[in-house]
Amino acid sequence: MAQPQAAGELDAVALETALLEAWKQENAFQASIDSRSNGAPFIFLEGPPTANGKPGIHHVVARAYKDLVCRWKTMEGFQVQRKGGWDTHGLPVEIEVQKRMDLMSNEAIEAFGMDNFNQACRESVWTYESAWREMTERMAYWVDLDNPYVTLDNNYVESCWWALKQMFDKGLLYRGHKVLPYCPQTGTSYSSHEVALGYKEVEEPSVYVKFKLVDEDASILAWTTTPWTLPGNVGLAVGPEVTYVRARVTEQAENWTGAGGAEVGEVVILAKDLMKEVLRHNVEIIEEIQGKSLVGMAYEPLFPDAVPRNDSTTAWTVLEADWVTTTDGTGVVHTAVMYGEDDYNLGMAAGLPAHHTVGMDGAFIEGTHPQLDGRYVKECDQTVIDLLSAQGGSNGKGPSSGLLYREKAYLHDYPHCWRTDHPLLYYAMDSWFVRMTAVKERLLEFNDGVEWAPDWVGEGRFGEWLRNVKDWAISRERYWGTPLPVWRGENGEMKCVGSIAELQSEVAKAVAAGIENPPCPDDVDLHRPIVDAFTLVDEHGKPMHREPFVMDCWFDSGCAPFAQWHHPFDGGETFEASSPVDYICEGVDQTRGWFYTLLAVSTTVFDKPAYKRCLSLGLILDAEGKKMSKSKGNIVDPWDHFNREGADATRWYMVTAGAPWNPLKFDSNGVRETYAKMFLTLWNIYKFHADYAALDGFDPEHNPVPVEQRPTLDRWILSRLASTATNYHSDFVGWNFHKACRDLEEFVVNDLSNWYVRRSRRRLWDDAESTDKLACQHTLHEVLTTVCKLMAPVSPFMVDIIHRNLTGETVHQASWPLGVPGTLEGATADSWDLDAAAATANLPPQDLDLEASMALVRELAEVGRRIRVEAGRRQRLPCAQGWIVAGPDLADFHDILAEELNVEAIEVEQDLDRFQRIELAPNFRALAPKARANVNAVANEIKASQDPEALLAAIEAGTCEIMGIQIEMSDVELKRAEREGFAASTVQIGQGDEASHISLVLDMNDTPALLSKGLARDITRRIQAKRKTLNMEIEATIDLEIWMKDAPELFDEDQQWIVNETRCAAAAFHPTDLQAPADADSFEVDGITVWFAVS
RNA sequence: GCGCGGGUAGCUUAGUCGGUUGGAGCACCCGGCUGAUAACCGGGAGGUCGCAGGUUCAAGUCCUGCCUCGCGCACCA
């Protein structure tokens, strides 16, 4: 073990950057893992960030919590491998490149060349890689960035292909048509987790439309908020059990605004419950009808040429659907098969024609209507309204008032593209799905086994998501991503390719069958357009082409547990040994993202859970409480703090600012505060110890002083250390890192710095060797090294410097003070022998009585200062006497108290009544059950008692009865108040029945000796301050001259005391009538003027 | 609309089983202490515990409704 060197002044940033360099030289990260080579593994999985955006402070938070747990578990003896990862596919990358290269449509991309485009994407992905790396290293997130997994790597893609093939072989993968939210601008449909990113409240025109019946001079009213879907209308849905009415218009409506209308005598059909909401005319009800009797009625198509009837017998008739309600609209649902999920399902079931009126570009298809063809649908709302409201309506077969009844502005949330902000269209498209609904029960079961922090995310948010699980739409009509490895022939045969080898053999088969193919080498790039070029053959030798999709990039990251090892092609053992992983940690926004896709892939491929513990972090908000995002420009740059307060303070602040799962309002001042309070204090404690340890040649391994032989103060701080560490650990176990760290900070600042070190200062000033000084040094050594270990997972820099200087060893290979379960025989990440683990703990003995006594002493010291403030007596003027009245025996602490209180002597006085009178207060908890409704009256009797002592005596004697209630001692609390004329104060110790009181009384009388002593202290203090401003060495001596006016006598012994304290070589105390020179310093205290000169 | 989590001093927050005087820190004011600190200590000022009801002898705490913020889900015909 090394002997401590003196510590310098703190420069946190320089300290950290120098240490980073040392870590790099020593390969400290790898060494910390290697030091646990015999430890049980604890498996961590890094959620891959996208490196095409600049890292912000919110990324630092997530990385801090990842690092914290990994470092903690390492100190507990586990081996924690941490492989980095990068998410490199997906729409965000494409959008970035599209913007930069001005390729804002699919046509533009294809004209530019898909290979060129994808090459640009491949490069763009790494734009901020170095920024990420620098941030990661600077904050000391220990993760292997030299061998990361990268989702665009061929090996990674191959594992994804393999996974998809497992699903395919299990029948979990299917091609379907599904109505999906679709963005015509990006040309892609979105999965629900992407849609959720873009809901916006918008006001749009909604319309009530008349559907003119064929066999009757009446119209059915239906409502829609998307007029652009009306040309695609092929059916009307009614609730079979809903009551509808035929209503005839009896008079013109007044104050009509907007388009549409109806004439007197027109007949409309709608749900009875919605007449008031919908109709603006007075009507008479002709009859009420059940929905089911409307079924089958035919009506005139609104746009006769827009959709071909083909062989449908049900097109443009009334259909029944049990999901139709009367909460909105007219109780009749306009059905456009291709533009709504319910519509599509109903249309398929009822045999409606499935025909698009809108193209993939979001524009009406030619032949829909001359005024609409080729126009973007969202710009056609008014045209549709105009066409409908023309006389006879858009089909010329409507009433002369037109087919529009009303229009109404409608405010609702509507999904928008989260990248381009365009409104999404619900659109029926070809798509590939993973049948998650088939494994729903397993998902729920696996989720039950996950330890979530906080638990309500798992049970509530995530559980709710799983209970409503939908099939996962995994295909994207995009370019940059893992290609969907499915080839499909004209007749619908399909082949899913699960590896490069399989691709090669299929290509060979195709070539053998006479189909030309480009070469397919071992290192064939598994991206578009390379893989698009391969044509395979089915069993009959017919060509099969690849389905032109890439996969949802969430599928990539969901494959991370095995794809990072290139399982099953390589790394099989590594994967088997690490599945499911022990710990993942990401922002709560990953609930439907990574948290879900990990579980989804793992369940469908392996029928296993993916992770055992998941820490879900709250969002990071800016100072105003807004979410930090690139688009808002409110991202805090972590370097602002790395370069000012350092990474230690930044990390500690983030952990102590709140529970990890709560939203964190990131406050730059908070980092500053943490630095000043926690780290500066810790450094100064350390500096105090290290400077004297170096001066005295202290060696922690020599001249040990057994704990039981150390002074009370030492045993106290060691016990506090043990208590704090124990709580710290159990808070870690319960994920309450914020509580753990707040308590430890309290310990360092309050107990260690403001009491132990302050009280111990003089012990180390002593030049001579002494057991007491040694005891203090050993104690400081033990406390500091343990605090370093506890803090190391959270803030790894300063504590390593301290630990290294005190012990010669890095803290990051040290043992966790509460034990090293990871090193135990047979231990796993989840379980170990508790007794054996406890035996590896290393903490000093606890003495809770001592802690309680010291707490009381400290409280009395504060009470003393309060008394002085109230009595107007300055702290430096001693009191002759202090009395402690009642309370436990504090004899061991009288020395401390006398010094803190600045009294000449402490005495214990048992007679409370000498200084105090008693007061009785009701104890409601005991009294209420007995007195019930009279409790307040009884309580007032007790409080208002004129002679509380007599009342107390009566209660003690058992003869006290108030309002028929027998009052016992447990029904009252004894309180004490000072009698007149005493400077005293009382504190309560304990709670409830255990409560007792202890009082402190100070003697306020002055004597010449006391005045002299007080004056000496004031003079000393001023001289010391002067020495400091003169920047004098502590050992330097001075010559002193003193002049005084209106001063009490300064006794010889007090003069001598000043001389000693201020290290005077020579001192002159001048008579009071001598005038001080003009350049002497002076001060006044209690009407006394003192001049002094230091040289 | 539904679900989850919030709303406590100017700001950041603690508050256990309901117990009568709601704690801290920052900032502010006054005083003290200091040869460890950018610190510390005492005091002061600052609170409609989101609002309104209810239960109870007693509500920041439990119940109901509402307002509001964040997040999520759903609907959006």
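To find a chain, count down the sequence lines: A is the first, B the second, and so on, and within it residues start at 1.
The residues D731(A) and R742(A) are annotated as not salt-bridged, no charged nitrogen and carboxylate oxygen being separated by less than 4.0 angstrom.
The V757(A) side chain lies nearest to A36(B) when the options are C73(B), A14(B), A36(B). Of all nucleotides listed (A38(B), C71(B), U13(B)), C71(B) comes nearest to the side chain of L619(A). Across A74(B), C40(B), U12(B), the shortest atom-to-atom separation from the side chain of N754(A) is found for C40(B). When the nucleotides C76(B), A14(B), G3(B) are ranked by their closest atom to the side chain of E464(A), G3(B) comes out on top. Distance from the side chain of L680(A) is smallest to U37(B) among C76(B), U37(B), C73(B).
In this structure, the ring pair (Phe, Tyr, Trp, His ring centres under 6.0 Å) partners of W683(A), at least two apart in sequence or on a different chain, are Y686(A). Residues satisfying the side-chain contact (heavy atoms from CB on, under 4.5 Å) criterion with L425(A), sequence neighbours excluded, are P184(A), W228(A), V377(A), K378(A). Y344(A) meets the ring pair (Phe, Tyr, Trp, His ring centres under 6.0 Å) test with no other residue; sequence neighbours excluded.
Here the separation of G54(B) from A59(B), taken at their C1' atoms, is 11 Å to the nearest Å. With P as the reference atom, U56(B) and U13(B) are 36 Å apart, rounded to whole Å. Nucleotides A9(B) and A24(B) have their P atoms positioned 15 Å apart, rounded to a whole Å. Straight-line distance between the P atoms of G5(B) and G65(B): roughly 15 Å, to the nearest whole Å. Nucleotides C40(B) and C26(B), compared at atom C1', are 15 Å apart to the nearest Å. Going from the C1' atom of C51(B) to that of C11(B) covers 23 Å, rounded to whole Å. Between C30(B) and A36(B), the distance separating the two C1' atoms is 26 Å to the nearest Å. Rounded to whole Å, the separation between the C1' atoms of G46(B) and C29(B) comes to 11 Å.
Looking at RNA chain B, the stems built from 3 or more consecutive Watson-Crick or G-U wobble pairs, each pair with its key distances under 3.5 Å, are B:1-7 with B:67-73, B:10-13 with B:23-26, B:28-32 with B:40-44, B:50-54 with B:62-66.
Residues C741(A) and T656(A) share a closest heavy-atom pair of CB-CG2, 3.4 Å. In plain terms, the two heavy atoms of T681(A) and V748(A) that are nearest each other are CG2-O, 4.4 Å. Taking both residues in full, the closest heavy atoms of L466(A) and K440(A) are given as O-CG, 3.8 Å, listed atom of the first, atom of the second, then distance. The two residues A336(A) and T229(A) come nearest to each other via the heavy atoms CB-O, 3.5 Å. In this structure, G239(A) and Y244(A) approach most closely via the heavy-atom pair N-OH, 3.0 Å.
Within 4.0 Å of S753(A), counting heavy atoms only, lies at least one base atom of the nucleic acid. Residue R672(A) is in base contact, counting any heavy-atom pair closer than 4.0 Å across all strands shown.
Taking atom CD of E746(A) as the reference point, atom C1' of G23(B) lies 12 Å away to the nearest angstrom. One interatomic measurement links the two molecules: NZ of K739(A) to C1' of G15(B), which rounds to 10 Å at whole-angstrom precision. Here A39(B) presents its P atom at 12 Å from OH of Y675(A), a figure rounded to the nearest Å. Atom pair L617(A):CG and C4(B):P shows a separation of 22 Å (rounding to whole Å applied). Between the C1' atom of A38(B) and the CZ atom of R644(A) lies a distance of 14 Å, rounded to the nearest Å. Separating the CG atom of L752(A) from the C1' atom of U37(B) is a distance of 13 Å, rounded to the nearest angstrom. If you measure from atom CH2 of W456(A) to atom P of G3(B), you get 16 Å, rounded to the nearest angstrom. If you measure from atom CZ of F595(A) to atom C1' of G72(B), you get 14 Å, rounded to the nearest angstrom.
Note that the CD1 atom of I220(A) and the OG1 atom of T330(A) stand 9.0 Å from one another [nearest 0.5 Å]. The CG atom of L682(A) sits 4.0 Å away from the CD1 atom of I802(A) when rounded to the nearest 0.5 Å. Rounded to the nearest 0.5 Å, atoms CE (M678(A)) and CD (E645(A)) are 15.5 Å apart.
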Close N or O pairs between protein and nucleotides 29-33 of chain B (under 3.5 Å):
from, atom 1, to, atom 2, distance (Å)
C33(B), OP1, R876(A), N, 3.2
C33(B), OP1, R876(A), NH1, 3.1
C33(B), OP2, R876(A), NH1, 2.9
C33(B), OP2, R876(A), NH2, 2.7

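Listed in residue order, the members of residues 652-664 of chain A having a heavy atom less than 4.0 Å from RNA chain B come to none.
Map N750(A) and R761(A) each onto its nearest nucleotide of RNA chain B; the residue landing nearer the 5' end is R761(A). Nearest-nucleotide positions on RNA chain B for V749(A) and I685(A) put I685(A) closer to the 5' end.
Taking only side-chain nitrogens and oxygens, K677(A) never comes nearer than 4.0 Å to OP1 or OP2 of G25(B).
Ring pair W452(A)/F462(A) is tilted by interplanar angle, where 30° to 60° counts as tilted.
With respect to H641(A), the ring-ring contact (aromatic ring centres under 6.0 Å, His included) criterion is satisfied by exactly one of W652(A), Y653(A), F666(A): F666(A).
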